[in-house]
Amino acid sequence: MKLALFDDHRLGVVDETGETPLVVDVTDALGWEHDPDPVTAGWWRRLCRDFAEARGRLAEAAARGTGRPLAEVRLRAPALNPSKIVACACNYADHVAEMHEVQERTLGGVESWMMNFDVFLKSPSSLSGPAEDIVLPTEIVEAGQEIHHESELVIVVGTGGADIPRERALEHVLGYTLGLDITVRSAADRSRRKSYDTFSPLGPFLTTADEVGDAGGLGIRLDVNGGERQHVNTADLLTPVPAIVSYASHMMTLLPGDLIFTGAPPGVGAIVPGDRVRASIDGVGTLDLAVRRG
């Protein structure tokens with residue numbers, strides 16, 4: 001099942017079986033109150049936690065409902081006010097290698113602590129949706145600092161938990177979406193330079209884990225202005241999805257609706273105002289975003 005948030009944060013089920021992709025509004029089938037305010041929308045976390053219980057009602061409502069063309073609605077990021085955005089660093093070997101060159105060019109040296117797998121946090125306020133631009137801060141652009149794209153598979157946490165064993169980690173995954181981890185290359189704290197508003201574009205849908213299948217075999221591609229920059233498969237992740245979830249949960253309790261960016265593939269590069277960024281993940285979806293100056 002593919003879930004979408006659209007317009008006034010309505011919940012929809014996406015139907016891509018016909019020539020025109022449709023979204024069917026299933027909000028009223030939730031079984032609990034829907035709060036359209038993204039700041040106080042506890043209903044979304046409840047859906048992530050209790051999706052197995054709600055899924056049948058949503059499927060029935062989708063089958064009975066009348067779909068609207070996706071082009072006629074405003075798609076939102078398929079996440080509402082997560083308690084945290086966890087992100088993985090250095091999770092593709094070729095990206096680790098290329099970062100040596102990037103660090104030498106932008107910082108004049110390589111900081112060894114940035115070359116090993118770990119997780120860090122991004123601000124939830126950095127989230128943006130498929131209908132929004134990537135906005136580059138004026139002061140960063142004028143300072144001549146590079147701002148890079150990073151296309152990533154994003155895990156959406158379902159039931160959550162702490163100290164989750166690796167062999168049971170997938171039981172805690174509701175599904176996946178596509179995210180871009182937009183990054184200022186500087187000596188500043190990693191979380192700071194990745195947390196500007198619109199620096200975590202997400203979408204276009206939340207695709208449930210059963211529909212995605214093996215998250216360890218998905219193709220990721222990113223183009224800028226029609227030229228390919230990144231093309232990789234999640235089979236190349238140094239730390240795969242179950243290990244990521246387990247590792248993160250041993251550091252912090254994962255809550256329903258939390259997001260985990262699984263790491264940047266090789267091929268990161270600068271984006272500038274006027275660029276067009278198109279990223280896709282097999283079976284998950286595509287983002288096509290404009291880049292502009294703030």
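The basis for the numbers below is simple: all heavy atoms, side chains too, and nothing from hydrogens, waters or symmetry mates. This is a predicted model, so every value here is computed, not measured.
- By the ring-ring contact (aromatic ring centres under 6.0 Å, His included) test, H34 pairs with W43, sequence neighbours left out.
- Separating the CG atom in L237 from the SG atom in C88 is a distance of 8.0 Å, to the nearest 0.5 Å.
- For residues 169-219, every residue pair satisfying the ring pair (Phe, Tyr, Trp, His ring centres under 6.0 Å) rule, not counting sequence neighbours, is listed here: Y196-F199.
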Would you please test L222 and R229 for side-chain contact (heavy atoms from CB on, under 4.5 Å) and show each step?
CA-CA 6 Å; L222 181 141; R229 293 273 188 92; 3.9 Å; yes
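- Under the side chain to side chain contact (heavy atoms under 4.5 Å, CB included) criterion, S195 pairs with K122, S123, not counting sequence neighbours.
- Within the structure, every pair that satisfies the ring pair (Phe, Tyr, Trp, His ring centres under 6.0 Å) test and touches residues 242-285, not counting sequence neighbours, is listed here: F117-Y247.
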Apply side-chain contact (heavy atoms from CB on, under 4.5 Å) to residues I271 and I182 and explain how you reach the verdict.
CA-CA 9 Å; I271 52 175; I182 307 301; 4.2 Å; yes
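- No more than 12 heavy atoms of other residues, nucleotides or ligands lie within 6.0 Å of CZ in R278, so this atom counts as exposed by the packing criterion.
- In this view, E53 and W32, D50, R57 satisfy the side chain to side chain contact (heavy atoms under 4.5 Å, CB included) rule, not counting sequence neighbours.
- Applying the salt bridge (Lys or Arg N to Asp or Glu O under 4.0 Å) test to E211 and every residue at least two apart in sequence or in another chain returns nothing.
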side-chain contact (heavy atoms from CB on, under 4.5 Å) between V277 and D223, worked out:
CA-CA 6 Å; V277 178; D223 297 347; over 6 Å; no
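- Remark: R192 CZ is loosely packed, at most 12 non-hydrogen atoms of other residues, nucleotides or ligands lying under 6.0 Å away.
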Name every donor-acceptor pair, under 3.5 Å, that has one atom in a side chain of residues 16-23 and the other anywhere in the protein, sequence neighbours excluded.
residue, atom, partner, partner atom, Å
E16, OE1, K2, NZ, 2.8
T17, OG1, D15, OD1, 2.6

Side-chain polar contacts of residues 129-140 - donor-acceptor pairs under 3.5 angstrom, sequence neighbours left out - could you list them?
residue, atom, partner, partner atom, Å
E132, OE2, G129, N, 2.8
D133, OD2, R292, NE, 3.1
T138, OG1, G294, O, 2.7

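- Listed here is the closest heavy atom pair of T234 and A215: OG1-O, 2.7 Å.
- Taking the side chain to side chain contact (heavy atoms under 4.5 Å, CB included) definition, one finds that D7 meets it with R68, V73, R74, sequence neighbours left out.
- In this structure, the side-chain hydrogen bond (donor to acceptor under 3.5 Å, both in side chains) partners of R10, at least two apart in sequence or on a different chain, are D25, T27.
- Of the N and O atoms on the side chains of E150 and H148, not one donor lies less than 3.5 Å from an acceptor on the other residue.
- Taking both residues in full, the closest heavy atoms of A41 and L80 are given as CB-CD1, 3.7 Å, listed atom of the first, atom of the second, then distance.
- In this structure, R168 places its CZ atom where only 12 or fewer heavy-atom neighbours from other residues, nucleotides or ligands lie under 6.0 Å away.
- The distance from the CG atom of N233 to the CD1 atom of I220 is 7.5 Å, given to the nearest 0.5 Å.
- How far OG of S128 is from CG of L202: 8.0 Å, rounded to the nearest 0.5 Å.
- Listed by chain and number, the residues in a side chain to side chain contact (heavy atoms under 4.5 Å, CB included) with P124 are P82 (sequence neighbours excluded).
- Contact of the T183 side chain with the R185 side chain is registered, since non-hydrogen atoms from C-beta on lie closer than 4.5 Å.
- A169 and S246 get closest at one heavy-atom pair: CB-N, 4.4 Å.
- We find the CD1-CG distance between I155 and L174 to be 12.0 Å, quoted to the nearest 0.5 Å.
- Legend: residues meeting side-chain hydrogen bond (donor to acceptor under 3.5 Å, both in side chains) with T198, ordered by chain and number and at least two apart, are absent.
- In this structure, E33 places its CD atom where only 12 or fewer heavy-atom neighbours from other residues, nucleotides or ligands lie under 6.0 Å away.
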